[in-house]
Amino acid sequence: MGEGCMTLLEIQERLRESIDSSFPGAFWVTAEISSLSTRANNHCYIDLVQTDGGRVVASARAIVWANRWWSLSAFFQSETGSSLQPGLSVLVQVKVGYSPVYGLSFVINDIDPQYTLGDQEAQKRKTIERLENEGRMDRQKELCVSDLPRRLAVISSETGAGYGDFMKHLSENARGFTFATELFPAMMQGGRCPESVAEAIAAVEASGRTFDAVVLMRGGGANMDLACFDAYEMCAAIADCSLPVLSAVGHERDHHVCDMVACRNYKTPTALADAIIAAITAEDDRIADYTVRLKLAFKGKLALMEGGLARMMDRIGSSSKRLVAVNQARLDLLETRIRAADPRAIISRGYALALDGSGRVVRNASALHGGDSMSLMFADGTVRAKVDYVELKS
C-alpha cells in the first residue's frame, strides 16, 4: 500500500469518530416529512427534508425503531388528532450515528406535537395575511347565490362520507325537490389536496356548463388531516372562482381559511344540504303565497265586478221600466189619437163619409157636379147616389 493511502474502513472510522465527537448526544431538529413507510419488522423509515422557496436544500434518512415507533406515533396522534404523514413539519429528537457499513443515520427518539400544531397555525395565519394583501379574502363575498340553487358543481371525494351524507340528505328532502349535481372529484386529504381542489375548480370553470354554485365539502377528521384546507393554493383558487363557492369542511368546531374565503360556509355537509333545501323551500313558499294572494285578489275583484254588474243591471232594469212606461204612455196617447182620427169612429157618432165615383173623399160640395156618381158611407152601410144638383153657399 502506497504511503498516504487509506483503506475505506479507515475513512469510515474517522467519519464515525468525527460525527460521534461533534454530536455526542441527542438533539432536536426541525424538518418536513417527505415520505414515511413502516416495514414488516415494524421499524418506521422517514425521509426528512428542508426546503427554501419550494426547493429542497437538505435531506436525511431517519429511522424510528419498532420498540419506539408504536408509542411515539400514538402520542403524536393523541396530541394532534392526526397521524404522522408526509407534508408535516415536525420537531424531532434525533441521535446521529455513523456505521462503516450502513453510513449516516438519524435515529428518532422523540417528537414534539406542539411544534407541528404551532407550525400549522403559523402557516394558516401566513395564508390569511397573503390573501388579505392580495385583496382576495373578500372577493367571493361580492358574488350572489341564486335564490334557486339547483345546479351544483360538487368538489369532493367520490367515496367520502361527507359527500355521501350530502347527496343522501339532498335527495331525501321532504318536498321531493330535485337537484342537478355533477361531481368533480378531488383529493380531500394530504399534500396533494390543495392542488387537486384547485384543479377541480379550474375544471368546473372550463366545463362550459351552467352551475348556480360550486360546493366544496369534506366530512370530519383530525385537525392535522384538515390542515390542507388552510393552504394558499386552494384558497386562492376559491377566491378567484367566478361562481359562488359554498364550503362545508369538517366538524362544527372547525373553521378553515377555505371557509373564510368562500362566498358562504357551513359547519357540515348536511348543514349545507339543509341550507340549499331551505332556500328552495322558501322560494316555493313565496310562490305558494303569491298564488293564494292572487286567488284572493281575483275573488275580491270578481266579487266587486259582480256587485257592480248587479247594480248596473238594477239601474238598467229601473231605467228600462221607466223608459217602457214612458213609451207605453206615448203609444197609448198615439193610439187614442189614431182612434179618434179614424173615420169609422166619426161615422159611428152619426156622421156620413162622402166619396166620389173614384172612391176619393169629397171634402167640398164644389167638387161635385150634377149627374156625378157618389157614395155615402154610414156606420151600418154605404148608399150609392147620383148628384141631382149642387147648391153652393153664396
Side-chain angles (χ1 to χ4, degrees), residues 144-151 173-180 208-212 276-394:
C144 295
V145 181
S146 169
D147 291 334
L148 294 170
R150 291 188 57 256
R151 298 164 297 183
N173 68 87
R175 298 203 185 184
F177 298 134
T178 58
F179 298 88
R209 291 183 283 281
T210 302
F211 296 104
D212 297 316
I276 293 172
I277 294 169
I280 303 294
T281 300
E283 190 65 19
D284 188 56
D285 288 342
R286 279 194 291 272
I287 293 172
D289 182 56
Y290 290 150
T291 302
V292 171
R293 288 163 63 183
L294 282 171
K295 285 182 178 178
L296 290 174
F298 180 75
K299 287 181 178 179
K301 188 69 174 176
L302 186 61
L304 288 174
M305 292 175 67
E306 288 176 345
L309 183 61
R311 289 190 295 273
M312 184 182 295
M313 292 299 293
D314 289 341
R315 289 196 298 270
I316 291 173
S318 299
S319 299
S320 297
K321 287 179 180 179
R322 287 195 298 271
L323 183 61
V324 169
V326 170
N327 289 332
Q328 185 63 48
R330 290 177 179 174
L331 287 174
D332 291 343
L333 179 60
L334 182 62
E335 183 178 5
T336 299
R337 290 177 178 176
I338 291 173
R339 286 180 179 176
D342 189 349
R344 288 173 296 182
I346 299 172
I347 293 171
S348 65
R349 295 199 295 270
Y351 295 95
L353 180 63
L355 304 173
D356 63 14
S358 301
R360 291 189 295 271
V361 176
V362 178
R363 298 182 183 278
N364 301 301
S366 61
L368 296 174
H369 300 89
D372 289 342
S373 296
M374 63 173 298
S375 300
L376 293 174
M377 184 180 294
F378 295 92
D380 60 348
T382 301
V383 175
R384 306 289 181 183
K386 183 175 287 191
V387 177
D388 187 17
Y389 70 91
V390 177
E391 182 179 350
L392 299 174
K393 292 180 180 181
S394 57

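Small disclaimer: the values here were computed from a predicted structure and weren't measured.
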Which pairs would a plain distance check flag for residues 327-336, meaning a side-chain donor or acceptor within less than 3.5 Å of a matching protein atom at least two apart in sequence or in another chain?
| from | atom 1 | to | atom 2 | distance (Å) |
| --- | --- | --- | --- | --- |
| Asn327 | ND2 | Leu323 | O | 3.2 |
| Gln328 | NE2 | Asp332 | OD1 | 3.0 |
| Glu335 | OE2 | Arg339 | NE | 3.2 |
| Glu335 | OE2 | Arg339 | NH2 | 2.3 |
| Thr336 | OG1 | Asp332 | O | 2.8 |

**Request:** Apply side chain to side chain contact (heavy atoms under 4.5 Å, CB included) to Val361 and Met377, showing your working.
**Result:** CA-CA 10 Å; Val361 176; Met377 184 180 294; over 6 Å; no

**Asked** Which is it for Leu353 and Leu376 under the side chain to side chain contact (heavy atoms under 4.5 Å, CB included) test, yes or no, and what are the steps along the way?
**Response** CA-CA 6 Å; Leu353 180 63; Leu376 293 174; over 6 Å; no

**Prompt:** Yes or no on side chain to side chain contact (heavy atoms under 4.5 Å, CB included) for Leu368 and Met374, after CA distance, side-chain angles and deciding distance?
**Reply:** CA-CA 9 Å; Leu368 296 174; Met374 63 173 298; 3.8 Å; yes

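Evaluation of the side chain to side chain donor-acceptor pair (under 3.5 Å) test over residues 360-377, restricted to residues two or more places apart or in two chains, returns Ser375-Arg384.
Here the OG-CE distance, from Ser320 to Met313, works out to 8.5 Å after rounding to the nearest 0.5 Å. For the atom pair OG1 (Thr382) and CG (Leu355), the distance works out to 7.5 Å, reported to the nearest 0.5 Å. Note that OG1 of Thr281 is 5.0 Å distant from CZ of Arg175, once rounded to the nearest 0.5 Å.
Smallest separation of non-hydrogen atoms from Ile277 and Phe177: O-CE1, 4.4 Å. When all heavy atoms are compared, the tightest approach of Asp212 to Arg150 is OD2-N, 3.0 Å. The shortest heavy-atom contact between Pro149 and Ile276 is O-CG2, 3.5 Å. Considering every non-hydrogen atom in both Val390 and Gly370, the closest pair reads CG2-N, 4.1 Å.
Panel note: side chain Asp356, backbone Val362; no donor-acceptor pair is recorded below 3.5 Å.
No side-chain donor from either of Arg315 and Ser318 sits under 3.5 Å from a side-chain acceptor of the other.
Summarising the local packing, CZ of Arg337 is surrounded by 12 or fewer heavy atoms from other residues, nucleotides or ligands at distances under 6.0 Å.
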